[in-house]
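Reviewing the structure listed below.
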Amino acid sequence: MVTVTLPDGSSRQVPTGTSVLAFAQEALPARLVRKALAARLDGRLVDLTASIDGDVTLQLVTPDDPGALELYRHSTAHLLAAAVTALYPGVQCGIGPATDDGFFYDFVVPKPFVPEDLERIEAKMRELAAADLPYAREMWPRDEALEFFARRGEPLKVQLIEEKTAGQTEVSCYTIKDRDTFVDFCVGPHVPSTGRLKAFKLLSTSNAYWKGDARNQPMQRIYGTAFFRQEELDQYLHRLEEAKKRDHRRIGRDLGLFTFHPWAPGAAFWLGKGTTLYNALADYMRKVLYPAGYTEVKTPLIFNKALWETSGHWQHYRDNMFLVESDDAEMGVKSMNCPGHMLLFASERRSYRDLPLRLHEQTPLHRNEASGVLGGLTRVRQFSQDDAHCFVMESQIGEEVARVLELVKRVYDDFGLTYQVKLSTRPDEYLGEKATWDHAEAELKRALEAAGMAYTINEGDGAFYGPKIDFDVTDAIGRTWQCATIQLDYQLPERFDLTYVGPDNQPHRPVVIHRAIYGSFERFIALLIEHYAGAFPLWLAPIQVAVLPIADRHLEYARRVVGDLEAAGLRVELDDRLEKIGYKIREAQLQKIPYMLVVGDREASEGTVSVRSRTGGDLGSRPIAEFVRTALDEVALRGRSAAAGSGQTESRR
RNA sequence: GCCGGCGUAGCUCAGUCGGUAGAGCAGCUGAUUCGUAAUCAGCAGGUCACCAGUUCAAGUCUGGUCGCCGGCUCCA
């Protein structure tokens with residue numbers, strides 16, 4: 001007999017080898033058992049068919065268990081594999097994990113899947129689900145399993161078993177018994193039977209490589225998603241639609257922000273309105289950084305290869321650099337600002353009294369990214385960062401990182417953005433002393449804790465030259481974008497032999513903190529466009545106010561209104577076309593201009609404007625000066641105002 | 001870079017079996033002077049991404065190049 005302890009603390013004795021399901025049916029409410037997908041024995045996820053072989057705590061896993069969805073999706077991936085195996089004889093299966101949004105499964109097939117294949121496969125999956133076939137777990141002798149998969153022509157599975165179960169005598173396999181039995185090597189667990197899988201959909205196909213390595217066997221990946229309830233699946237699909245509507249590439253064109261040309265792949269043309277937005281972000285960042293003690297600088301765009309050899313880019317990053325020749329010298333267009341800033345630091349004798357020295361730069365960078373990775377503004381070959389390097393003494397690291405954290409918080413609050421913080425620690429391959437790393441990581445942790453920032457740790461994900469803190473911004477529809485980064489660097493000061501004179505009159509090595517808050521202007525603008533669905537809050541809107549005269553006898557007054565607004569520093573556009581007011585309003589609305597001022601006989605005689613807001617409709621008339629005042633107040637609030645959320649409320653309708 | 005898909009007017013798209021290219025919106029011109037999401041009429045707009053090839057004939061078939069899209073890998 002063994003003792004089973006339940007979550008409520010009660011316990012029972014059962015014979016050794018009793019299955020979880022048999023125990024649950026005996027000891028737990030039928031309603032709970034019906035909902036159960038799997039179980040946790042001592043916290044470890046197992047199938048309901050697992051046997052209880054020792055004293056354990058037992059908890060049934062129902063859909064509200066945090067691990068339930070992953071298991072459910074993974075089970076759906078198995079269903080997909082079973083369907084594909086049934087429909088395409090000779091197919092080889094790779095792996096089929098759950099992902100954040102669903103699942104995928106990789107296959108080796110002679111011909112890539114087309115959309116019609118997906119329909120067929122999905123239909124087969126529904127058929128198998130309707131048949132409610134059990135997911136049976138069987139422990140096979142390892143030799144037998146190896147032989148079985150070898151005989152079935154699945155060398156990838158053989159390889160997996162060899163790698164994952166070295167030293168074991170038995171391996172776990174799952175079967176779905178249909179006309180042809182589908183067998184997969186997998187640790188599980190899975191839902192008890194295919195009938196439990198209700199709301200799933202196959203979404204797309206793509207190419208992938210065995211183990212994600214392009215030198216390995218190419219495979220065809222099928223992506224899908226699954227939820228416990230149809231309603232949740234529908235919501236997810238709706239969110240995909242919504243995301244498509246918010247695509248910054250589309251909105252960027254519709255709103256006249258930027259464009260691309262085949263002759264400059266990966267480099268945007270910023271149109272008038274886009275440039276206004278870009279500049280608004282650049283100026284805002286300058287206003288934030290200047291009082292924080294940063295000095296804006298501009299360093300060369302093209303450097304002799306000697307610089308890149310010194311920084312290490314020539315050895316490690318050359319493939320991603322644009323190279324040019326000048327006289328007989330080989331030159332590289334800069335892909336990062338840091339090496340230039342090292343030279344700038346070294347251009348004068350530095351005292352400890354000069355530290356921290358904070359250099360901020362917004363000039364363009366070029367990276368010759370592989371053609372296949374380019375896309376919209378999120379991945380480009382030419383971009384600018386709100387980059388800065390803080391040169392500090394070892395003892396100033398904690399304080400300086402704390403200041404940067406403060407800045408990040410302030411900036412994201414101004415945009416009304418929420419974020420999550422990740423601390424990435426020493427990777428397997430690293431430069432420098434372990435003790436230095438430990439110290440640096442401790443400093444970063446302390447700064448995060450002092451700032452009251454919750455963070456998660458990404459073990460081993462730091463840069464090879466130092467640990468880092470990354471910020472993932474969450475947008476209006478729940479997607480995350482990696483933006484800000486703070487990285488400690490002990491290596492570059494070493495490579496450039498940077499020193500400052502300390503209080504002891506001796507040379508010392510500074511530490512560099514690389515940091516960016518937007519990340520890159522390009523990617524941040526893409527984020528903002530999709531976050532607001534193009535409806536920028538007033539302070540960012542390229543055109544803040546449209547003045548719409550009713551008839552051309554009102555043009556003179558309209559021009560006066562425009563003049564007053566421009567004098568107050570607002571970005572205004574006059575629609576002086578001979579069109580009906582409804583037409584002008586529609587256009588301004590589609591351009592997502594925050595305020596429309598309708599002016600006709602009434603307004604001209606009273607010195608007022610009729611205010612229409614993008615989100616609130618007709619707000620009635622008021623004196624020009626009053627409108628200017630409230631508009632300026634709203635601008636000053638930036639994204640902290642309630643109105644800044646207008647982009648989101650609007651999109652929900 | 002790799003795999004797959006796509007490329008027709010500024011945009012969204014149609015174009016049958018290979019037989020000399022079409023719509024809506026946008027644009028231009030004219031008329032309309034109008035009160036909170038589209039006034040009417042007319043006109044113009046194309047090397048069917050590009051380069052070869054097959055064919056009496058190519059937007060359509062074949063090959064190559066470029067670009068875009070979805071992934072892989074990578075990344076701000």
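Remember, predicted model here, so these are calculated numbers, not experimental data. Values below: every heavy atom of this structure, side chains too, minus hydrogens, waters and symmetry copies. Naming: A, B, ... by sequence-line order, numbering from 1 per chain.
Within the nucleic acid shown, A/I550 comes within 4.0 Å of at least one base atom, counting heavy atoms only. Using a 4.0 Å heavy-atom criterion, one finds that A/Y223 contacts the sugar-phosphate atoms exclusively. Using a 4.0 Å heavy-atom cutoff across all strands shown, A/F383 reaches at least one base atom of the nucleic acid.
RNA chain B forms stems at B:1-7 with B:66-72, B:10-13 with B:22-25, B:27-31 with B:39-43, B:49-53 with B:61-65, each a run of 3 or more consecutive Watson-Crick or G-U wobble pairs whose two key distances fall under 3.5 Å.
Side-chain atoms of A/Y583 lie closest to B/rA26 of the nucleotides B/rU36, B/rA26, B/rU33. For A/Q482, taking side-chain heavy atoms from C-beta onward, the closest of the listed nucleotides B/rG1, B/rA76, B/rC72 is B/rA76. Listed candidates were B/rA37, B/rA76, B/rG1. Nearest to the side chain of A/I585 is B/rA37. Side-chain atoms of A/R367 lie closest to B/rC75 of the nucleotides B/rA37, B/rC3, B/rC75.
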Result block: side-chain N/O donor-acceptor pairs under 3.5 angstrom for residues 464-472 of chain A, not counting sequence neighbours:
| residue | atom | partner | partner atom | Å |
| --- | --- | --- | --- | --- |
| A/Y465 | OH | A/Q487 | OE1 | 2.3 |
| A/K468 | NZ | A/D470 | OD2 | 3.4 |
| A/D470 | OD1 | A/Q482 | NE2 | 3.4 |
| A/D470 | OD1 | A/T485 | OG1 | 2.8 |
| A/D472 | OD2 | A/K422 | NZ | 3.3 |

Between protein and nucleic acid, restricted to nucleotides 9-13 of chain B and to nitrogen or oxygen atoms under 3.5 Å apart, what atom pairs and distances do you find?
| residue | atom | partner | partner atom | Å |
| --- | --- | --- | --- | --- |
| B/rC11 | O3' | A/R253 | NH2 | 3.3 |
| B/rU12 | OP1 | A/R253 | NH2 | 3.4 |

Taking only N/O atoms, report every protein-nucleotides 66-70 of chain B pair under 3.5 Å with atom names and distance.
| residue | atom | partner | partner atom | Å |
| --- | --- | --- | --- | --- |
| B/rC69 | OP1 | A/R249 | NH1 | 3.0 |
| B/rG70 | OP1 | A/R249 | NH2 | 2.8 |
| B/rG70 | OP2 | A/R249 | NH1 | 3.3 |

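For the segment residues 311-324 of chain A, no residue has any heavy atom less than 4.0 angstrom from an atom of RNA chain B.
For residues 249-272 of chain A, the pairs satisfying side-chain hydrogen bond (donor to acceptor under 3.5 Å, both in side chains) are A/D247-A/R249, with sequence neighbours left out.
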